[in-house]
Amino acid sequence: MRLTDDAPADPILTGKGLTKVYASTGSGMARKAAVDGIDVSLLPGECLAIIGESGSGKTTLSRLLLGQLRPDAGQVAYEGRPVLHGSQAAKALARDSALVFQNPFASLDPRWTIGRSVAEPLLAARRRGSGHLWHRRQDGTGLADQVAKVLSAVQLDPDRLMTAYPSDLSGGQAQRAAIARALIVKPRILLADEPMSAVDVSARVGILHTLQSIMAQSRQQADPSNGMSMIIISHDLGVVQHIADRVMVLVRGKVVEEGPVNAILNHPKQSYTRQLLAAATL
Amino acid sequence: MSCEHADRPRLGSKAAFPGRLGFFGRMRVVLASMWRKASGRYSLIVLAVWILVSLVSRFWTPVPIWTTDGYRIWRAPSRDHLLGTDGTGADILSWLMAGSATNLAISFLAVILSGVLGLLLVMAMVSHRSGVSQTVVVLVDALISLPTVLLALILAVPLGPSIAVVVVACGFGYGLNLARIVRPQALLAAESDYVQSARHSGVGSFRIFCTHLVPNVIPVLCVQLSMSAGTSVLAEAGLTYLGVGVPAGLPSWGHSLTTSVKFINVFPLTVLWPGLVVTMVVVALNLFGDALRDAIDPVANPRLRAAVAAAGRSALRSEEYQEASAQLDDSDHHVDNAIHAGEGGNDVAEY
Amino acid sequence: MSLSIDGLSLSINGRTILDRVNLRVADGQRVGLIGSSGSGKSMIARSVLGTAPLTASLSGSILVDGLQILGSDDRSLADLRGSRMGMIFQNPSTALNPVKKVYSQVELPLRRHYRLSAQERRRRVMEILQRVGLDADLAGSYPHELSGGQQQRAAIATALVTKPRLILADEPTTALDAITQRQIVDLLVSLVDQSGASLLFITHDFSVLARVADYCYILDAGRLVESGQTQSILRDPSSPQGRTLVRAARELTLSADGGKHEAD
């Protein structure tokens, strides 16, 4: 399953010297770089885990990588093309990527049914494709089928859940619905920002298995270099150990350790990483 | 709300996207939910009577309203004049009935105007161009200090007393108020993760406003707009008393009050009747807003959620989605239970 | 202080939240209560504090040091809360009052329950802040100026400043990140042990519970399904719910040698 060393594919997404400084709110407070000169690359079909405590800049980094924030210094490149605001590469990156947030109930519109929420990105993509932004009679052919398929892929019962509202779901189910919403447009990059932090431990395992099976499915495709890549953000090494190929540890906006997950788990170099390991033992 | 329906996905010849309960089906559940509560029942009855009387009064009143009898003025209620007569000898009941149509029109138009104006302002206030949103916020704060009465007086200079003065003054004032009250809710939705996801998927700002923001502020809208309707009834009475409201010759509740209020010490009943009608209607409108909010919001109303789920399920069952739900885990029973356990989830099917 | 819950049932609008729960915390003992979300574990804590929703109907018995909580009047319960019973909540950012400085929040239970001089109050507040590991200069800051971990430390200080004999901790680490979680748990355990108080620790995570409690109860859908020594439940859970929770905890943690990493 793991990527083999003999065929190093070109990275799908790279960031060079990424820096983001937030304007300080209070007077007299030093301007602190949330992300400070980080280099990162993401291979096709790879799962990269970004680990760090709250305030370490991991969310900022991920938004920079998806082109949602403009870096103060450094550059993001998607398939080798620089992602500049409004460029073709930026549009392609937005089209080919999808997001999963920490709190599933905040990421699903409480007044929409699950089916409608899940279908939304697909409809948006079709509108874009047809060029008729306000076409009343949209081509909805097979929409319900596709929603049902993607809900099944995240182990949710489409028959029951497609017409349910988020408030009728448990946290774990809602998060899987949010994952389905991200998957329906077949993204090449899936960004999961603390996808398991807001749900309880048994639901976390369910979500983990869902993400694992999605990765496994994408790896079984005919062209492995075209598989889906995933960036998973977490504060907990234990949660990502089974799914990540590579781990990047952030402390205060800087990378302190990076490497294959086995190397990090077995031979942590930094004391901070050792603390993370200690915190993740039973 | 209209744009919310406009973009619903259509499945070609197939019925609709599962989870789409038709407008009438939805309204049936909403009305039934409102009817379950005493306050909702009261407001529905009063509003229904109001509308009915307005329609009937266009064609029939117990006594034609222009029939006056100089020998029978300030009469107490009698068989001929159920609520008595006023200072011109006209039948009070007939005038109240005829006035209800005017007041209904004023309330309706004021609500529409304030709703449209309020939502347009909110749309500008949550705009991403900070120049636009900041300007509109300041503008609204400045304009909101303009009293409705003053605005009506200004408008009355070119227009003279007319329904338009009342409607525009009320609609403008309440629209500004609405914008101010709705803005925090809309901002909350605009900054939520689901809007961020939608934006990332390439959904346009206008569509996001119509499909995500508006449905999520509907609870506030219901309460505010129904209160605006109630206040416009009161404002009509006040403005008509000042002489800038409904012109003489057009019956309205404000007129009924104005013509008799000078003689309140002598003939209190003639003031009591229009006062009673206005109070009942205003109370009903306020209760209507609360009841509608509780019934129309799927988050607050489990019966509505259950009805939507039931409609969608039957649509799905008729299609061939069964094979898709083959590989499932057990944890999903939760939802089914939740839907059915939701108070009276089962009797929704009866509606 | 000992806590003894017998046959506690709680229902809201006819919906059963708790069903005949029996639970014991001996004097000076640390006991865990574990269950997934919606199992009713927070409602047990609220029942003990006497802050269950007004619409809830309760039956059974809750004895705190021989004092019957159920049916006690609000006045005497309010005297108990914050003085002899301390409570720590899940989310420190909402449990702390955002417009009050840390110092006055930690001081509040002292003002409410004791007649002390200002110097004595100050001495006690500073002492507890130091013991929870907060710098003295943080006493003058507002909650939003603190990190999540510091906020939870302040909340712990508020709960412990009156030296309560029974501490209820409702998921105190869930909102924190992994390293901070460890620190807070270890801090709580050491503070509780120093003071000799009893602790009821509520969580959904066995990996946290294992560090806190020697004895634990597993709650599922309002019913206790298993209880026993934490280590023996971890080794061999007998109930299906217990197995799920233990398996989840094992899967989401590293084994002790740190080298257990399987490919999918």
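In the text below, chain A, chain B and the rest are named by the order of the sequence lines, each starting its count at 1. Worth knowing before you read on, the calculation uses all heavy atoms, side chains too, and leaves out hydrogens, waters and symmetry mates.
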> Out of curiosity, B:Gln196 CD to A:Leu99 CG, how far, rounded to the nearest 0.5 Å?
Replying inline: 6.5 Å
> Any side-chain heavy atom of A:Glu120 within less than 4.5 Å of one from B:Arg207?
Replying inline: no
> Shortest non-hydrogen contact from B:Gly202 to A:Ala124?
Replying inline: C-CB, 4.4 Å
>> Tell me whether A:Phe105 at atom CZ has more than 12 heavy atoms from other residues, nucleotides or ligands lying less than 6.0 Å away.
In response: yes
>> Given 3.5 Å as the limit, does a donor-acceptor pair link the side chain of A:Trp112 with the main chain of B:Thr211, or not?
In response: yes
>> Nearest 0.5 Å, please: how far is CZ in B:Arg305 from OG1 in A:Thr163?
In response: 12.0 Å
> Could you name the residues of residues 186-194 of chain B that have a heavy atom within less than 4.5 Å of a heavy atom in chain A?
Replying inline: B:Ser192, B:Asp193, B:Tyr194
> At a heavy-atom separation under 4.5 Å, does A:Ser97 approach chain B through its side chain, its backbone, both, or neither?
Replying inline: both
>> Quick check for you: to the nearest 0.5 Å, what is the distance between A:Arg111 atom CZ and B:Leu304 atom CG?
In response: 11.0 Å
>> Does any backbone or side-chain atom of A:Ala98 lie under 4.5 Å from a heavy atom of chain B? Answer side chain, backbone, both or neither.
In response: backbone
> Would you say A:Arg70 has more than 12 foreign heavy atoms packed within less than 6.0 Å of its CZ?
Replying inline: no
> Under a 4.5 Å heavy-atom cutoff, which of B:Asn216, B:Val203, B:Val299 has the most pairs with chain A?
Replying inline: B:Asn216
> Of the backbone (N, CA, C, O) and the side chain (C-beta and beyond), which part of A:Arg181 lies under 4.5 Å from a heavy atom of chain B, both, or neither?
Replying inline: side chain
